[in-house]
Structures are given as C-alpha cells and as structure tokens.
Asks: 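One structure coming up, written as structure tokens, with questions to follow.
We count ligands from 1, going down the list as the structure has it; atoms in each ligand are counted the same way.
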Amino acid sequence: MKRYPAFDPPEYLRWSADPDLVRAYGDTIAADPDRARVVEGLSDGALLSLYRDLLRTRLHDIGLKRWVRTGVISKAWLGTGEEGVTVGTVRALEPDRDVVSPMIRNAGALHMMGMSLADMFRGYLATSDSPSRGRDLHIGDLQRGVIQPISHMGTSVTVVTGVAMAFRNRGESRVAMTWVGDGATRTAACHEGLNLAAVQDLPVVFVIQNNQVALGTRLEEHGAGDLHAWPAMYGIESWSCDGNNVLDVYGATRLAVDRCRAGEGPAALVVDTFRMGGHATHDEREARETFPAELFEHWGRRDPVGLFEAYLVGRGTAEEALQSVEAEVTEEMDAAADEALRSRDRIPPPEQALYDGFSEGDVLVGLKRRPVVI
Ligand SMILES: Cc1ncc(C[n+]2csc(CCOP(=O)(O)OP(=O)(O)O)c2C)c(N)n1
Ligand SMILES: [Mg+2]
C-alpha cells in the first residue's frame, strides 16, 4: 500500500517484505490443520474483501491523523499495527445477527458491522448528527449490533456476557464478542465476566488483544503471568494467534464462533500484537521512550497490511487487483472525511447534553427494530 510520510510510523515508511516473514506467515496458517482448513475455504473474492477491510481500518487512522495534524481535532485513538486482530475476528461473525462491544482501538469493527465511514469521522467531530448526537466519541449503533466502546476498561466483558445470556435464554443462534486489552484483563469486571460466561456456557467470544502496553505501562510491568494460560484457568476453550496475521486470527475465530453457535460455551482468542504508536496521538513520543527501538523494528517488519499483501501476491493475486482495491478505498475514505467535515458546524448546544442522553426508551426502540440486543 501507499505509505504516508507525514503519518505512518517510520518502520512502515521504509517497509519492504522480508521473504522469511512472508514464508513464516504461510507456515503459521498451516501449523494448525483446523485453522488451515478454514482459511483454504476463503475464495479469492473473500481474501480481497479482507484486504479491503484492513485498508479501510488503516486509512481511517491515517484520515484521523491528518485531522489532528491540521488542527481539525486535538487527538485520536488509533489501532495502527493491530488491524489484523479487529479485521480477522469481526470477519468470522455474521454482522446481521451477532453483537460486538469493541474497544476504541477496534474502530474497524464499526465499519465492518455496517456503520458508515462518514459517521465514524463525525463521531470525532461531536456534531449533532454524529451517532452519539455529539455527546461522546465512543460511538456505536445498536441497530447494527455495535455497543459503543465503554471507557471503563474491562466492563465490556460483563456487558457482552449479559448479551450472550439473553441470546442463550431466548434460544437464539447469536454470538457476542468483545476485545479485552492486556491492561483491561487486570480489572475485576473482566474476571467476573469471564467466570460467569464460563460457568453459564454462554455464546461469547473474548478476544484478549495483547498489544503489550496499557497507556504507558508495559505488559511485564502490569502483570506477571502468561495471558495465553488464562482462558484454561476459567475453563474456557482458547486459541493463541499471531495478531499481525489476519488469516491466522480469522481461522481461529471461525473455530471459536462455530463452537459458540453450537452451544458449546464461550471461547477466547489470545492474540499477540503491538501498538505501533502512542495510546493516542498525544503521546507517540513517550511510547517510543517506553519500549526499546528494536521492539518497534521487530513489529514494524510485521506490518499486518504489508505482510498480507505480500502473502497474497505470493499465492498469485495480481498486484493490480490490490492496487485497484486501494484506489477505491482511498477515494471512499476521502469522501467520507469530506462528508463529515460538511457537518462540522453542527455542534449541539452544551445544555443538550442534559436532555439528550440515552433513555430506556432509546434502548427499547432499538430492541423493537432489531430484536434482542440486550
Ligand atoms: C477502569 C479503568 N481504569 C483506568 C482507565 C484509564 N485507561 C484508559 S485506557 C487504559 C489502558 C488500556 O490498556 P489496554 O487494556 O491494554 O488497551 P489498549 O489501550 O492497549 O488497547 C487506561 C488505564 C479506564 N479507562 N478505566
Ligand atoms: Mg494494551
């Protein structure tokens, strides 16, 4: 993909495919015959569609960074380097019946579940026509099965466990999913939710997204154990994944989702990846000081978009096909940002926040139109 000198991490600017890593990419998929079978079932069109979602997710970050640099907004929370986790997991769901509760880091889940890119940009502008009507940049859409990201880390675990309990009680073949950062795993809510889901055999997939940092605290500073060993501790079936390999994540998540739909109880993915920037755009320099440069180098060589491109080309996809998807997505993203900017002066008056909160009525309306979210 095109690289953006003003916005990309330096490791991506000088990126070129390392043949050993491209070979290892394929080996990772082949290492688990069950995952390999799922991945082999993907058509060329489905692979290109995964590529489109990876690009949308990356270019949404680039669009937000451009807004920060040009003074449109003051900061943005990005998922650069972690796109494979969001795209691989959401792709394994059925957007018209499943429910997700993403972290702000999983913005890709929003467009993959059907929210518009313009709405995603409008969320950051806090306009009265944004999905939260200007109240919050954590945006969701219950009609599309997206619970807005919850600022209080770890609590989405208990929320999706409740959603999955409703699905189970109503005998519906629906799955709930949430992502739990390595930092969020340290919260009480996370433990309570995992335990309840396990003991109740609920159809919920927990994606433990280990990007090795919580704000400015490194993984080894906030936890001593091995996250890959956690699900078993709760009696939850789990898969370990390479988060920078979208196909590995997709293959494992399909197995996890199938298990949930078959009524066999919850599942977890423990996914290793790396945050290629700051917690948000304001602390990118601090993030560089938090980790040794070699770690950025290591993960930078494993750019989930670049590696997927190289893998696809290696198995016969024409480079022109990838370029044409990229041209389409770039155009679509620019148009969405422009559309959102046209709403820029629609800022609700401050007192609106007092009257325009979500009411029980809002939730019920959502429930009536799209049965059983909560
Ligand atoms: C309960 C709670 N404690 C603290 C915070 C402040 N906070 C926001 S994000 C964050 C770190 C999250 O780290 P992690 O769960 O690893 O997710 P990541 O940002 O790395 O994706 C913290 C401590 C919060 N939002 N909620
Ligand atoms: Mg983290």
Asks: With a 4.0 Å cut-off on heavy atoms, does Thr187 reach ligand 1?
Replies: no
Asks: Consider only side-chain N and O atoms of Asp226 and His228, and report whether a donor and an acceptor are under 3.5 Å apart.
Replies: no
Asks: Within Val213, is some N, O or S atom less than 2.8 Å away from the Mg ion (ligand 2)?
Replies: yes
Asks: Hey, which atoms in ligand 1 end up nearer than 4.0 Å to a heavy atom of Asn211?
Replies: 18 (P), 20 (O), 21 (O)
Asks: Given the side-chain rings of His60 and Phe121, with only the six-membered ring counted for Trp, is the space between their centroids under 6.0 Å?
Replies: yes
Asks: Give the residue and atom name of whichever protein heavy atom lies nearest to atom 17 (O) of ligand 1, and the separation in Å to one decimal.
Replies: Gly181 CA, 3.8 Å
Asks: Which atoms of ligand 1 have any heavy atom of Ala214 under 4.0 Å away?
Replies: 11 (C), 13 (O), 16 (O)
Asks: In the protein, which heavy atom is nearest to atom 9 (S) of ligand 1, and how far is it?
Replies: His279 CE1, 3.4 Å
Asks: Considering distance alone, does some N or O of His152 sit under 3.5 Å from an N or O of ligand 1?
Replies: no
Asks: Any Lys/Arg nitrogen of Asp272 or Arg302 sitting under 4.0 Å from an Asp/Glu carboxylate oxygen of the other?
Replies: no
Asks: Is it true that, when you exclude Glu220 itself, more than 12 heavy atoms of the residues, nucleotides or ligands shown sit nearer than 6.0 Å to its CD?
Replies: yes
Asks: Does any N or O atom in Val213 lie less than 3.5 angstrom from one in ligand 1, N or O only?
Replies: yes
Asks: Any N/O/S atom, backbone or side chain, of Asn211 lying under 2.8 Å from the Mg ion (ligand 2)?
Replies: yes
Asks: Counting non-hydrogen protein atoms only, what is the nearest one to atom 12 (C) of ligand 1? Give residue, atom name and distance.
Replies: Met153 SD, 3.6 Å
Asks: If the threshold is 4.0 Å, N to carboxylate O, is there a salt bridge linking Glu172 and Arg97?
Replies: no
Asks: In terms of residue, atom name and distance, what is the protein heavy atom nearest to atom 14 (P) of ligand 1?
Replies: Gly183 N, 3.5 Å
Asks: By atom name, which N, O or S atom of Asp182 is the nearest to the Mg ion (ligand 2)?
Replies: OD1
Asks: Output the distance between atom CE (Met276) and atom CD (Glu284), rounded to the nearest 0.5 Å.
Replies: 10.5 Å
Asks: Looking only at protein heavy atoms, which one is nearest to atom 15 (O) of ligand 1, and what is the separation?
Replies: Ala184 N, 2.8 Å
Asks: What about Glu82: any of its N or O atoms under 3.5 Å from an N or O on ligand 1?
Replies: no
Asks: Can you report which non-hydrogen protein atom sits closest to atom 25 (N) of ligand 1, along with the distance?
Replies: Ser151 O, 2.8 Å
Asks: Please report which non-hydrogen protein atom sits nearest to atom 19 (O) of ligand 1, along with the residue it belongs to and the distance in Å to one decimal place.
Replies: Arg105 NH2, 2.8 Å
Asks: Strictly below 4.0 Å, N to O, side chains only: are Arg144 and Asp119 in salt-bridge contact?
Replies: no
Asks: To the nearest 0.5 Å, tell me how far Tyr250 OH sits from Ile29 CD1.
Replies: 12.5 Å
Asks: To the nearest 0.5 Å, how far apart are CG in Leu219 and CG in Asp182?
Replies: 5.5 Å
Asks: Considering only heavy atoms, does Asp182 approach ligand 1 within less than 4.0 Å through its side chain, its backbone, both, or neither?
Replies: both
Asks: According to the interplanar angle, ranging from 0 to 90°, do the rings of Tyr4 and Phe7 count as parallel (below 30°), tilted (30 to 60°) or perpendicular (above 60°)?
Replies: tilted
Asks: Tell me the contacting part of Val180 for ligand 1: side chain, backbone, both, or neither, using a 4.0 Å heavy-atom threshold, strictly below.
Replies: neither
Asks: Taking NZ, NE, NH1 and NH2 as the nitrogens, is one of them in Arg105 or Asp61 under 4.0 Å from a carboxylate oxygen of the other?
Replies: no
